[in-house]
Amino acid sequence: MLFSPINPMHIPDGFLSVLLSIVLWVISVVLIGIALRKTGQTIGERQVPLMGVLAAAIFAGQMLNFSVTGGTSGHLLGAAIAAILLGPWPAVLVMTSVVAVQALLFQDGGILALGANLFNMAIIGPFVAYALFTLLMKLFKKQTWGLFVAGFVAAWSSIFIASLACALQLALSGTSPANIAVPAMGAIHALIGIGEGLITIGALAFIFAARKDLLKADANKPARNIGVVVGGLLISLVLVVLSPLASSHPDGLEWVAEKHGFIEAAREAFYNIVPDYSMPGISNPALATIVAGILGAVIVFGVAYGIARAEKRPSAQDDAQR
Amino acid sequence: MRELYTPNHSAVHRIDARVKVIFTLAFIVFLNLTPSGAWPAYILFFTWMFSLSLSSRLGIAFVLKRSLLALPFVLAALPLVFTGPAPLGQIPVLNTPSLTYSVVGFYRFASIAIKAWVSVMAAVLLAATTRFPDLLTAFSQLKVPALFLTIIGLMWRYLFVISDEVTRMLIARTSRSATAPGSNRSGGSLFWRARVTGGMAGSLFLRSIERSDRVYAAMLSRGYTGQPAAQKTTRLQKKDLLALAAGVILLVLLWLLGVITGG
Amino acid sequence: MEPVIEISNLSFSYPDGKQALEGINLLVQPGEKIALVGANGAGKSTLLYHLNGIFTGSGMIRVNQLELNKNNLPRVRAMVGLVFQNPDDQLFSPTVYEDVAYGPTYQGLDPHTVREKVALALKAVHMEDYAQRNPYHLSSGEKKKIAIATVLSMQPQILAFDEPTAGLDPRARRELIDLLLELQQTMIIATHDMNMVEQLTPRTILLNHGKIVADGPSLDILRNDRLLMTNGLI
Ligand SMILES: Nc1ncnc2c1ncn2[C@@H]1O[C@H](COP(=O)(O)OP(=O)(O)OP(=O)(O)O)[C@@H](O)[C@H]1O
Ligand SMILES: [Mg+2]
């Protein structure tokens, strides 16, 4: 079975501005660094294989689906169930592994955009899920159904909030106007989130029936992760407030303008060093395109010819290298 | 689920994994830094990746087809065509009324699609010509924390085993998803289907957790101490460094070309 | 009597090009119990998977006169119950009851009928007391019986088993064979367990490299040492 990467939340390269991508890379790296330190301190080496195997299971588990209607189907993303089973910081590491391997080896999500995708799916996802799950579990103490309500809300929110972040990132990059991206992404993921929530309930029901102990493990010591709970709630709050604001001011995202300013400045500087008239043609877009096209064709032809030549010769070099 | 890596003896396969990782990242960064509408630069970026794909002997059709996978996402950028700034163009739809679109918006949209496509080509090339252990070694030499690489290494080790497990579960479910004789409805309710899928996920996770116990025991019996094995670091060869530097300089030049010609 | 299964000239290759079945012709009469034997990789599982359309090769398969194609797949699946080698792949509900109820519930039957069918199926495998247990913690032998119940609840006329006795201890194996002897359905059993073949299935089909090399009374085939030797069974 081939993995088919059509997931509306894995942003490919090309859709985010480079500046924003780098900012999100830095934020993600810092938070993942904290996760590595915390995990290294608080849990034994015993957890390392657990995180590795569970990351594989979440990756593979994303193939599990149920048909919704007209050929569409619901899937599991898994950030919530990871946070519930492992606690927030190990869940960040597990989801980071999943999202990173998807980008690097299966091209599901871009490489420059990986910082953003990690931020949305490996940080926001587990944080929001953990915060809401912990909070609701406190609220519905001791009721079995509380577990399922908390699981559903945690899973739904992890998807929905992450999708708002994703939409804002697209808007900030000038790729998709906020007044379209936010409602569209939000609406689609409010539905996808229901699927995630229901699958999470099913998974919790199974685990509750078979290994209740696994669900007790982390619930006893929420105090240790109070920072995550507060952080997760803050993220949710900010995004829920920010998104409608942004979508009612679609042109108010000045970053885009700033970026244009930067490019203008670079162009000016360039012309100061190399005057325009010394490169006839380059300043004429149509001509430049034609020249580039011809050059490209020549290069490709040359490479193809070179390879064909090399292939005809007995590949003594290859054999020697082996 | 299949691994993308395709063994071959091409020149691209033989390049040091570190060089490939850094170059791929640089390529994608500069491509994405190129302003929209810089067609000459895009053509040359594309030419570059196309030539590399040719010399990797992966089969150009494979690379092109695989790299189209990111394209459904361009839907996200489609609104640009209609909401972008003036000048506005008109597409006659059944003569009247006509559809208004923004020329600049359309250029932006096309630019995003091209960048996405060529970026994925670069990523495909990296994944298809580099063995996973070599990638891990490269990352470790590039100072990615060992704990993280251990987790990813284990994940990779079990990914295909577990995805076979998932495939078998899905087949088993399919084989029991039947229509009763003389009836036309089947499928159960949506909620029920979702919950059953959740049960499959729960069972998968439990089996995986228990598998990880066995993995841990096996690791211990082979002398695992919690400390990842030290990687021996070989210095990059001079010719690799030179090639990388030349590549990055060329990327900068291409980017400049983009800055001049772009909109 | 009309055959319940009719396969003519069935061939199948996996997407990677590996030819797993080649020119299979087979008639199965109602109530027959048939063993499918052959070395590892002979194509036994692949053939079983064709019986309810998980794989579709070239050639023709008819189940109860119904030619297998996309349109009547869901119906054929109700007639052929497939029991997989690893019950863990087949059991995914919090309780045994829900697992056995999966098939009837999917068929859209009303809750009352579902309950009846589940009760019957559990009774058939002598596991009535297990309805509220969690399948995850049962022994291999118990899981196997529950897996059988999960297909029995759809009341299929044909049961197909992939290595049912693999991994069972002697007693669980004994109980399973007794159970299979009790059940009246037509059975096709892929197995490496020659003792079970002797006790359970009067007819044996021997596969090698995706082709049927022998099809006849089990006792004849089991006594033909040369045949078993050349096909990698001893
Ligand atoms: N998914 C697959 N892709 C490619 N080839 C496969 C696949 N599954 C099985 N095969 C190949 O098809 C052939 C038949 O496999 P099959 O599983 O039917 O054998 P089997 O008789 O059931 O063997 P065993 O006794 O080991 O269960 C084997 O050569 C096997 O390698
Ligand atoms: Mg088999």
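Chain letters run A, B, ... following the sequence lines, proteins first and then strands; every chain starts at 1. Side chains are part of it too, since the values below use all heavy atoms of this structure and drop only hydrogens, waters and symmetry mates.
Using a 4.5 Å cut-off between heavy atoms, Leu50(A) contacts chain B through both its backbone and its side chain. With a 4.5 Å cut-off on non-hydrogen atoms, Ser21(A) does not touch chain B at all. Val98(A) touches chain B through backbone and side chain together, each having a heavy atom under 4.5 Å away. There is no contact between Ile22(A) and chain B, counting heavy-atom distances below 4.5 Å. Heavy atoms of Leu93(A) lying under 4.5 Å from chain B belong to its backbone as well as its side chain. Using a 4.5 Å cut-off between heavy atoms, Leu64(A) touches chain B through backbone and side chain atoms alike. Looking at Val101(A), only its side chain comes within 4.5 Å of chain B, counting heavy atoms on both sides. For chain B, the nearby part of Ile180(A) is the side chain; its heavy atoms alone come within less than 4.5 Å. Heavy-atom distances place both the backbone and the side chain of Thr175(A) under 4.5 Å from chain B. For chain B, no part of Ala181(A) is nearby; none of its heavy atoms comes within less than 4.5 Å. There is no contact between Ala205(A) and chain B, counting heavy-atom distances below 4.5 Å.
For the atom pair CG of Leu86(A) and CZ of Phe205(B), the computed distance is 10.0 Å after rounding to the nearest 0.5 Å. Between Ile199(A) atom CD1 and Met200(B) atom CE the span is 10.0 Å, to the nearest 0.5 Å. The CE atom of Met63(A) sits 10.5 Å away from the CD1 atom of Ile162(B) when rounded to the nearest 0.5 Å. In this structure, CG on Leu170(A) lies 9.0 Å from CD1 on Ile112(B), to the nearest 0.5 angstrom.
If you tally non-hydrogen atom pairs under 4.5 Å between each of Phe50(B), Tyr42(B), Phe148(B) and chain A, the highest count goes to Phe148(B). Ranking Leu190(B), Thr197(B), Leu52(B), Thr130(B) against chain A, the residue ahead of the rest is Thr197(B), based on heavy-atom pairs under 4.5 Å. When the candidates Val74(B), Leu75(B), Val118(B), Leu135(B) are compared by the number of heavy-atom contacts under 4.5 Å with chain A, Val74(B) comes out ahead. Each of Ala11(B), Ala127(B), Pro145(B) has some count of heavy-atom pairs under 4.5 Å with chain A, and the biggest count is that of Ala127(B). Ranking Ser163(B), Gly199(B), Gly187(B) against chain A, the residue ahead of the rest is Gly199(B), based on heavy-atom pairs under 4.5 Å. In terms of heavy-atom pairs under 4.5 angstrom with chain A, the leader among Leu4(B), Val124(B), Thr24(B) is Val124(B).
Taking each heavy atom of Leu44(B) and Gly296(A) in turn, the nearest pair found is CD2-N, 4.2 Å. Residue Ile43(B) comes nearest to Ala292(A) through the heavy atom pair CG2-O, 3.5 Å, listed as atom of the first residue, atom of the second, then distance. Taking every heavy atom of both residues into account, Ala57(A) and Leu204(B) meet most closely at O-CD2, 3.5 Å. Minimum interatomic distance between Phe15(A) and Ala77(B) (heavy atoms only, all atoms of both residues): CE2-CB, 4.3 Å.
Here the side chains of Leu31(B) and Asp13(A) are not in contact, with every heavy-atom distance at 4.5 Å or above. Residues Leu126(B) and Leu104(A) are in side-chain contact: their nearest non-hydrogen atoms beyond the backbone lie under 4.5 Å apart. Side-chain contact check for Asn65(A) versus Leu170(B): some heavy-atom pair is nearer than 4.5 Å. In this structure, Thr47(B) and Leu295(A) have side chains that are not in contact, with every pair of non-hydrogen atoms separated by 4.5 Å or more. Val29(B) has its side chain within reach of Val18(A): a pair of non-hydrogen atoms, C-beta onward, lies under 4.5 Å apart. Put simply, the side chain of Val48(A) reaches to within 4.5 Å of the side chain of Leu154(B), judged on heavy atoms. Looking at Leu214(A) and Leu206(B), their side chains come closer than 4.5 Å, going by heavy atoms from C-beta outward.
In this pair, Trp156(B) and Phe106(A) present their aromatic rings tilted. The plane angle is within the 30 to 60° band.
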